[in-house]
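A quick write-up on the structure given underneath.
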Amino acid sequence: MAVEFRVLGDLDVRVDGRAVRIGHARQQCVLAALLVEPNRVVATGQLISRVWGDEVPDGAAATLRGYLSRLRHALAGVDDVRIVRRHPGYLLAVDPDHVDLHRFRALTEQARRTADDATAIGCLERALGLWRGDAFGGLTTPWLAAYRQTLDRQRLAATLDRNDIALRRGAHARLLPDVLDLSGRYPWDERLAAQAMLALYRCGRQADALEHFHRMRRRLAAEVGADPSPPLAQLYQQILTADAAIAPPDPPGGGEPSSTATGTARNAGTVPRQLPASPGVFAGRTAQLARLDEQLADAGHPDGAGSPVVISSIGGGGGVGKTWLALRWAHANAGRFPDGQLYVNLRGFDPTADPVTWPVAVRGFLEALGVEPARVPADPEAQASLYRTLVAGRRLLVVLDDARDAATVVPLLPGTPTSAVLVTSRRQLAGLVTTHGARPLPLDVLPDDEARELIVRQVGAARVAGQPDAVAAILRFCGGLPLALGIVAARAALNPELALSSVAAELTSAAGPLDALTGDEVTTNLRVVLSRSLAALTPAAAEVFALLGLAPGPDIGRAAAASLTARTPAELRPPLRELVDAHLVQEHVAGRYRMHDLVRSFAVERASGDPAGSRSAMRRLVDHHLHTAHAAALLLSPQRDPLTLAPAAPGVTAERLDDLPAALAWFTDEHQVLLATIEHAAGNGLDVATGQLSWTLATYFDRQGHWHDWAAVARRAVEATGRSGDRPAQAQAHRLLAGACSNLGRHAEAQRNLFAALDLFAALGDDEGRAHTHFDLSMLHDRQRQPREALPHARRSLALYERVGSPLKQAVALNAIGWYHSQLGEHHDAITFCRRALALAERAGSAYGQANTWDSIGFAHHHLGEYEDAVDCFRQALALFAEIGDRHAEGIVLDHLGDTWAAAGRADAARDAWRRSLALYEELGHADAEAVRRKLHR
């Protein structure tokens, strides 16, 4: 089936030309947020921010999952379109050519790449024809509003490009109504004004063309106190004198005029060519170069609402390749700036010299522009004024490299919109973005394919191809950091006889990762580069940086970081903001922070000077996760008996989770961190915490289908409780490990652990523990399709639960007994037992117990041929499982529902239920997916 996503107007999805209902506006916003970045993971926090802005409701993560589930359902059956859960968020797998936004961008890019006007204008006409109104019409969120403005600018830029080509081809008469209409909507755009003037003049309306200029001049004088730009004034003079250079060309596309409305290069003054050499070895950064093309596409012709000069600010940590990228783009686009290129290394973080002040940089620019020393004013402000005067109206590219702060950059900005500025900095320069409209371009590490390309270019393709394992090891070690890759590749290139496997071995055998990346010069010594970034921090930020390096896992949440550093969240906010601004820490998802592995190694080195402080910090972090996870586990499963936790260490503030969706979202966000925390606790003698953390994760792992992770942490718990000699905790750990093994199909291992738990509970005289274990044994037999063997264990667990007085657990056991009767074909008996279970579960308020029991009753009704009753039961179960977030159970019930619809002769409804079940199983990686898939294809 052919699918088309249209967002350049009201959001519209069509399959084979038929409109598909996507749901309410908020749900459409979720789809829109994924469509703008097809085939790329959009983090959960970023999705929430895009959909709700600053007004995020309680339980937003759970609501988001509901929206995504309904979107999957709406798009079910559409070929090659899938919404996939992939850490740390979601991905919409779709051919970008099926999305009108990305077809628009591809066509405009194709137009800009071609030198043939006929091809270019054809591409632009097709691109502009995709628009049906305002992008994402009818959808209103802060993110969409900002993104809509970006798309409007791109649409305008494409329109102006189309107009320029049309004018060159003599299509002024056809173009005139459009440019006059656009001029009313964009009265400040001087490029558009020039096009309107030229079209009017060529249509024989010289007086109207001159009046158009006068209106623009009066508007500029009244509103901003400025004169029209030199190119526009030049066009006015040409129209006034009927200059032959602007006469109409021979249509279609005959001889081009010697001057267009955009103006020509000025010859006045010296033409500076200050760019340093382009990087000799450069690889990748295709997307970033394209982004710079986009950001600086309208350099010299900004719209009236834009900044006076187009500025792109490339930000990133030390060694990430900011200067390389800036120079690569600058050299490739030097021809667009015929009046020259100015460059200064501001040395904001240079380890060999002090930063360059802006007055020094201005004097260098004046010299490059041909100003005699005697004409340079003494006052720095006057020098800056002279600089702006000299570059006014000239088409220049100004590259300001390694800026320490925005205050150094601002005096170096040209004052007219004909120039463009590229700034690089290790800081974010938020002030430049806020006050001067700079367009930020954050630079991260290279992906593996681009990192490999960099090594190939340095050492040769044959050498790389011959040692793939060594190259893979080098890539893993460097983690995509260009400086690290450059140091290692240079070492290999200087020793052509040295095997790459030897280079890789040197990296891993060094005393520390940073010791392996010590170049011959300070600028190629990663430790020195990072030290300069650290030296620019406040003491509080430097302390937080060192402690953050200790945190296990891929990232850390803000609340956990507060406990790690023994600060309140409010106290932590300024140093965290400083670290993000310095690109030493990345806030990759709102409220979550991570470091590059090599930067982390540097942070750990800084923390090693205070071993006692490091141990205390890690104890606080373990306590933070344990106390928060315990509260979250009880929200997921209120019927679980709580643990007895020791008080948290001083300085720990556990997170407050108000409801089940919040608990589920927290576990999802902290999943990988909790695994790493358990590994840390197990390896550092924190045996009690190891066992207790494993306990807190069991329900979440079970419901989300993370059974391999569950088995791993349960093994750590068995080992830890064995070392500590805590026999009750050891018995529970054996039970938890058995549960994971059972889900993984490792039935023999599960049975061994359950018998071990049963022996321990018997020795302790713990009847409730024995009841739990007998119930687990019944479930294990059920998984092996052995209901006759399962039934005695379920009855034994019921008797023990009745002895200890646990109504909710009695409900669970009664439901199991009913289920096994159904498996044996005794469906009336099954319903009797399950109705007793349902009554107990309802009185206890257990949504989970009710959901399981509704599924069992529905199964019995199905096999009695009572299909309508079965469907009602399954719907009850689905609603409850969705509420508590048990996706595995949802998949099971949907499979059962599909079977019932099929038996009732409702083939379409059956296939719909099976598709939804299969989607959940595939997302979980569950083995039962194949059985459901077979049902769909039979």
request  = Without swapping roles, check the side chain of Arg439 against the backbone of Gln295 for a donor-acceptor pair under 3.5 Å.
outcome  = yes

ask   = Are Glu4 and Arg103 ion-paired here, with the side-chain N under 4.0 Å from a carboxylate O?
value = yes

Residues that Tyr201 engages under ring pair (Phe, Tyr, Trp, His ring centres under 6.0 Å), provided they are two or more places apart = none

ask   = Rounded to the nearest 0.5 Å, how far apart are CG of Leu139 and OH of Tyr147?
value = 14.0 Å

ask   = So do Pro276 and Tyr343 actually touch side chain to side chain, heavy atoms under 4.5 Å?
value = yes

note = Closest non-hydrogen atoms of His102 and Val36, given as atom of the first, atom of the second and distance, are CE1-O, 3.3 Å

query = Hey, are the side chains of Pro38 and Leu92 touching, using non-hydrogen atoms and a 4.5 Å cut-off?
reply = no

key: Interatomic spacing from CG in Asp339 to OG1 in Thr418 - rounded to 0.5 Å   = 7.5 Å

request  = Of all the heavy-atom pairs spanning Asp161 and Arg191, show the shortest one and how long it is.
outcome  = OD1-NH2, 2.8 Å

request  = Let me see the working for Leu396 and Phe337 under side chain to side chain contact (heavy atoms under 4.5 Å, CB included), right down to the final yes or no.
outcome  = CA-CA 5 Å; Leu396 281 159; Phe337 303 96; 5.7 Å; no

key: For the student: nearest non-hydrogen atoms of Ile165 and Ala120, plus distance   = CD1-CB, 3.7 Å

query = From Cys29 SG over to Leu34 CG, what is the distance, rounded to the nearest 0.5 angstrom?
reply = 11.5 Å

request  = Please indicate whether Glu372 has more than 12 foreign heavy atoms, meaning atoms of other residues, nucleotides or ligands, lying under 6.0 Å from its CD.
outcome  = no

query = For residues 123-136, which residue pairs qualify under side-chain hydrogen bond (donor to acceptor under 3.5 Å, both in side chains), counting only residues two or more places apart or in two chains?
reply = Glu125-Arg162

request  = Tell me, please, which residues at least two apart from Glu211 pass side chain to side chain donor-acceptor pair (under 3.5 Å).
outcome  = Arg218

inquiry  = I want to check something: taking the side chain as every heavy atom from C-beta on, are Thr108 and Gln154 in contact at a cut-off of under 4.5 Å?
reply    = no

message = Within the 4.5 Å heavy-atom criterion, are Leu413 and His436 side-chain neighbours or not?
response = yes

query = Quick one: side-chain contact (heavy atoms from CB on, under 4.5 Å) partners of Val7, sequence neighbours excluded?
reply = Leu11, Leu35, Asp100, Leu101, Phe136

request  = Please identify each residue that fulfils side chain to side chain donor-acceptor pair (under 3.5 Å) with Arg219, with sequence neighbours left out.
outcome  = none

inquiry  = A side-chain contact here means heavy atoms from C-beta on lying under 4.5 Å apart; do Ser313 and Leu441 qualify?
reply    = no

ask   = Do the side chain of Thr435 and the main chain of Gly431 share a donor and acceptor less than 3.5 angstrom apart?
value = yes

ask   = Please walk me through it: do Val320 and Lys322 pass side chain to side chain contact (heavy atoms under 4.5 Å, CB included)?
value = CA-CA 6 Å; Val320 82; Lys322 301 178 295 297; 3.6 Å; yes

key: Check: Asp189 and Leu160 side chains under 4.5 Å, non-hydrogen atoms   = yes

inquiry  = Show the nearest heavy-atom pair for residues Pro248 and His172, with the distance to one decimal.
reply    = CB-CE1, 3.6 Å

request  = Please report the closest heavy-atom contact between Gln238 and Ala245, naming both atoms and the distance.
outcome  = NE2-CB, 4.1 Å

Set of residues satisfying salt bridge (charged side-chain N to carboxylate O under 4.0 Å, His left out) with respect to Arg50, sequence neighbours excluded = Glu37

remark   = In this structure, CZ of Arg202 is separated from CG of Leu167 (nearest 0.5 Å) by 6.0 Å

query = Is the backbone of Leu342 close enough, under 3.5 Å, to the side chain of Gln274 for a donor and an acceptor to pair up by distance?
reply = no

ask   = Does the side chain of Ile239 reach to within under 4.5 Å of the side chain of Met197, using non-hydrogen atoms?
value = yes

ask   = Between Arg105 and Glu109, is there a salt bridge with N-O shorter than 4.0 Å?
value = no

message = Can you list everything that forms a side chain to side chain donor-acceptor pair (under 3.5 Å) with Arg363? Sequence neighbours excluded, please.
response = none

request  = Dump the intermediate steps for salt bridge (charged side-chain N to carboxylate O under 4.0 Å, His left out) on Arg217 and Asp227, then the final yes or no.
outcome  = CA-CA 6 Å; Arg217 184 183 62 184; Asp227 291 324; over 6 Å; no

Spacing of CZ belonging to Arg404 relative to OG1 belonging to Thr357, to within rounding of 0.5 Å = 13.0 Å

ask   = Under 3.5 Å, side chain of Thr424 to main-chain N/O of Asp402, donor-acceptor pair present?
value = yes

query = salt bridge (charged side-chain N to carboxylate O under 4.0 Å, His left out) with Arg6: which residues, sequence neighbours excluded?
reply = Asp12

task = Could you check Leu240 against Leu210 for side chain to side chain contact (heavy atoms under 4.5 Å, CB included), going step by step and ending with a plain yes or no?
result = CA-CA 7 Å; Leu240 192 65; Leu210 295 173; 3.8 Å; yes

remark   = residues 220-242 vs ring-ring contact (aromatic ring centres under 6.0 Å, His included), sequence neighbours excluded, gives Phe213-Tyr236, His214-Tyr236

inquiry  = Going by the rule side chain to side chain donor-acceptor pair (under 3.5 Å), which residues pair with Arg205 if we only count those two or more places apart in sequence or in a different chain?
reply    = Asp208

inquiry  = Leu192 vs Asn163, test: side chain to side chain contact (heavy atoms under 4.5 Å, CB included). Steps then yes/no.
reply    = CA-CA 9 Å; Leu192 181 58; Asn163 294 352; 4.3 Å; yes

ask   = Can you find a heavy atom in the side chain of Leu182 that is under 4.5 Å from one in the side chain of Thr159?
value = yes

query = If you round to the nearest 0.5 Å, how far is OG of Ser419 from CG of Leu397?
reply = 8.5 Å

request  = Sorted by first residue and then second, give each ring-ring contact (aromatic ring centres under 6.0 Å, His included) pair with at least one member in residues 393-417; sequence neighbours left out.
outcome  = none

message = Determine whether a donor-acceptor pair (N or O, by modelled atom type, separation under 3.5 Å) exists between the side chain of Asp116 and the backbone of Thr119.
response = yes

remark   = Phe5 meets the ring pair (Phe, Tyr, Trp, His ring centres under 6.0 Å) criterion, sequence neighbours left out, with none

ask   = Which atom names give the shortest non-hydrogen contact between Pro482 and Arg285, and what distance separates them?
value = CG-NH2, 3.8 Å

request  = Check for a donor-acceptor pair, side chain of Gln195 on one end and backbone N or O of Val179 on the other, with a separation under 3.5 Å.
outcome  = no

message = Check this for me: does any side-chain nitrogen of one of Arg347 and Asp401 sit under 4.0 Å from a carboxylate oxygen of the other?
response = no

task = Answer yes when Asp117 and Arg169 have at least one side-chain N-carboxylate O distance shorter than 4.0 Å, and no when they do not.
result = no

